[in-house]
Amino acid sequence: MGVAGKIWTYVQPLNQSTSPDDYRAIDKSLWTTEAIDEKFHDFIDVEDYTPNTLQRTLGQAWDTFRLPPKQRRYMQKLDANILLYALLSFFIKTLDNSNISNAFISGMREDLNLYGNERNLFTTFFNCGYIVGSVPSQFILNRVRPSIWIPTCEFIWSGLVMAIAGCKGPNGIYGIRFMIGFFESVAYPGLAMVLGSWYRPTELAKRMQTYDAAWAMASMFSGYIQAGVYTSMNGLAGFAGWQWLFIIDGIIGIPISLLGYYSIPDFPINSHVKWMNDLEKEYSYVRMELVGRKAPKKLTLKRIFDMFKTWRPYGFLWPWCLFNICDTTSYFNIWLDWLGTYSTQQVNLIPTGGYAISLFSGYISANISDRIGLRWPFIINACFWCFFGNLLLAIWHIPFGLKMFAFFCPDIGYSLWGMMLAWSAEIFQDDAEMRGMLPAIGSTISNAVNAWLPNIIFPYPDAPQYANSYGYQVTTGLIFLEFCGILFMLFMSRREAHKRGRVINKYGLAVDVDDAALIGTKDDGRELSLTDKDAEVGAVVVLTAVDPVEKEHSTSVKEIDIIPKKE
């Protein structure tokens, strides 16, 4: 094609507009690198920049440190608001959900006479509430700003958590757990969709993994909190230690929910937050459109019906649901309690080592994934560790140390959650609603299964081996099917790209040629626009500079494949 030496950038067609002098209202076929440089010079470092040794070193851990000054300040602002709130929100959500297990073995069982299957039923009612609320919450989120709906739900469920402390029997807890599940159902998929709308592929996996790591941190701190409460607050003001756990968790959640009204920025197309000025909001839209990440559109039942006419929901839900169903980390402390050799505090604290493993393995996977631009190999690796741990527990009669290691193995594989969210945000970047809806539907399906399956394969009277119900044997088989689902998603995503004649941009993301426009500069300085009719099937475009909002990549050379379109 004779295109070496030209500057190319992918952009997508505009589907929403604002004021006429706003880039969100300008036809992207008219975008030029010079105009973008001039408009957003406060955020774009046009001059050459080389990070110093300290910045390069810190940049190995977190990409923001090695960015040019203007982009660094912009990214730090995003992290300090969007990422921090998402982490705090998921932290308190997990804390509020996991405290029932810690409270159960820390006096709640004896005080409320819970010697039947009540513990599993607490989870069942929570899952039922989650099932009822998941999909409707996504419809509400499509019509009510995330900055309003998500923190409102968080405020309500925090109050409900505190109410458990006043329950005198299991019946009241059943109802409260149902309502907590209902209001919590919006948070995880909703905030994942928001994160996927503000961060690029070189940034996204680390942020998604940090967001998802809140589960490990909350589970870890729940054990620490319960151990501390049980030791120092048991009997204070007439409340047992397990009651104080619910009260403290609720008190922590309320100010976090109030922060959400300020921090959540909605989406680049319609953000109204106070911590960004108008030009920063416009810049946020431009940088994501250049990636190919499309803005939200109205969600209808017809659109959901049309989603399920494609492979996408099935490709995502297959591994996502199985991973959720096969989570056996909550049975670790039951085994420790059954051994009878550990104190209540030790039973709460020992599993926290697995959460530390989750944080470390998740960060390493996400950091490397962002650097090399691949997601699926790390998802396969996470799946392997879950499979291996459950296989050892299915065998059961193994040395004590190996069994302890087996309980920690699923924690090594916990990075699958964040990596799946990052992967789906990129594969489905042309459909914002699908990015939010599929995790919600996945949670609905997996919680529907978890409402009854643990009662069958992990009944409490059969703890800790669950030999009669073949609990760990069943999860081992399901995880193998999960591995097959990951390969199916990989195959179908690549098949779709070829079938639709997509091109792969510099971020490794598939973009429809029919919708995309390439802007750049010819060797003689004249502007160039390449569309589908100009692209030769099977051709390769060599870039000497790309993306006007990422000047630090201006010297990179990248190949973009024009994928043959199947008739």
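Side-chain atoms are counted along with the backbone in the values below, which use heavy atoms only and exclude waters and symmetry mates.
Side chain of N270 to backbone of F267: a donor-acceptor contact under 3.5 angstrom is found. Within the 3.5 Å criterion, the main-chain N or O of Q55 finds no donor-acceptor partner in the side chain of R66. S137 places no side-chain N or O within donor-acceptor distance of the main-chain N or O of S185, the cut-off being under 3.5 Å. Side-chain atoms of E280 come within 3.5 Å of backbone atoms of N277 as a donor-acceptor pair (strictly under, hydrogens ignored). The closest donor-acceptor contact from the side chain of W423 to the backbone of A205 lies at 3.5 Å or more, if one exists at all.
S197 and R435 are linked by a side-chain donor-acceptor pair at a separation below 3.5 angstrom, with hydrogens and angles left out of the test. Under the 3.5 Å distance criterion, with hydrogens and angles disregarded, no donor-acceptor pair is assigned to the side chains of D370 and T202. With hydrogens and angles left out, the side-chain atoms of E154 and S89 include a donor and acceptor closer than 3.5 Å. Inspection of the Y261 and T152 side chains reveals an N or O donor paired with an N or O acceptor under 3.5 Å. In summary, the side chains of T476 and N390 do not present any donor paired with an acceptor at a separation below 3.5 Å, with no hydrogens or angles considered. Remark: the R287 side chain and the Q71 side chain contain no N/O donor-acceptor pair separated by less than 3.5 Å. Judged purely by distance below 3.5 Å, without hydrogens or angles, the side chains of R375 and S369 pair a donor atom with an acceptor atom.
Remark: aromatic rings of Y283 and Y74 are close, center separation under 6.0 Å.
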Does the pair R200 and E426 meet the rule for a salt bridge (Lys or Arg N to Asp or Glu O under 4.0 Å), with working shown? CA-CA 9 Å; R200 292 180 156 197; E426 294 164 358; over 6 Å; no
After noting the C-alpha distance and the side-chain angles of Y472 and F458, does the key distance pass the ring pair (Phe, Tyr, Trp, His ring centres under 6.0 Å) rule? CA-CA 9 Å; Y472 292 113; F458 291 107; 5.2 Å; yes
Test salt bridge (Lys or Arg N to Asp or Glu O under 4.0 Å) applied to D430 and R312, step by step: CA-CA 12 Å; D430 59 341; R312 291 179 166 191; 3.0 Å; yes
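When each of L191, T210, D79 is checked for a side chain to side chain contact (heavy atoms under 4.5 Å, CB included) with L87, only T210 meets the rule. Applying side chain to side chain donor-acceptor pair (under 3.5 Å) to S446 and the options N324, D327, N127 leaves one that passes, N324.
Of all the heavy atoms in I264 and V273, the pair that sits closest is O-CG1, 3.2 Å. Heavy atoms only, all atoms of each residue included: G253 and I92 are closest at CA-CG1, 3.4 Å. When all heavy atoms of N367 and A61 are compared, the closest pair comes out as ND2-O, 3.9 Å. Annotation for F126 and E184: closest pair CZ-OE1, 3.3 Å, computed over non-hydrogen atoms. Shortest non-hydrogen contact noted between Y211 and L83 is N-CD1, 4.4 Å. Considering every non-hydrogen atom in both L478 and C326, the closest pair reads CB-SG, 3.3 Å.
Surrounding CZ of F308 are more than 12 heavy atoms belonging to other residues, nucleotides or ligands, all under 6.0 Å away. Surrounding CZ of F488 are more than 12 heavy atoms belonging to other residues, nucleotides or ligands, all under 6.0 Å away.
The aromatic rings of F90 and Y188 lie tilted to each other, with the angle between the two planes from 30° to 60°. In this structure, F408 and F332 have perpendicular ring planes: the angle between them is above 60°, well past the 30° mark. The aromatic rings of F384 and F388 sit parallel, their planes meeting at an angle under 30°, below the 60° perpendicular limit.
Rounding to the nearest 0.5 Å gives a distance of 6.5 Å between CZ of F428 and CE of M434.
Contact check on K281 versus D266 returns no salt bridge, with no Lys/Arg side-chain nitrogen under 4.0 Å from an Asp/Glu carboxylate oxygen.
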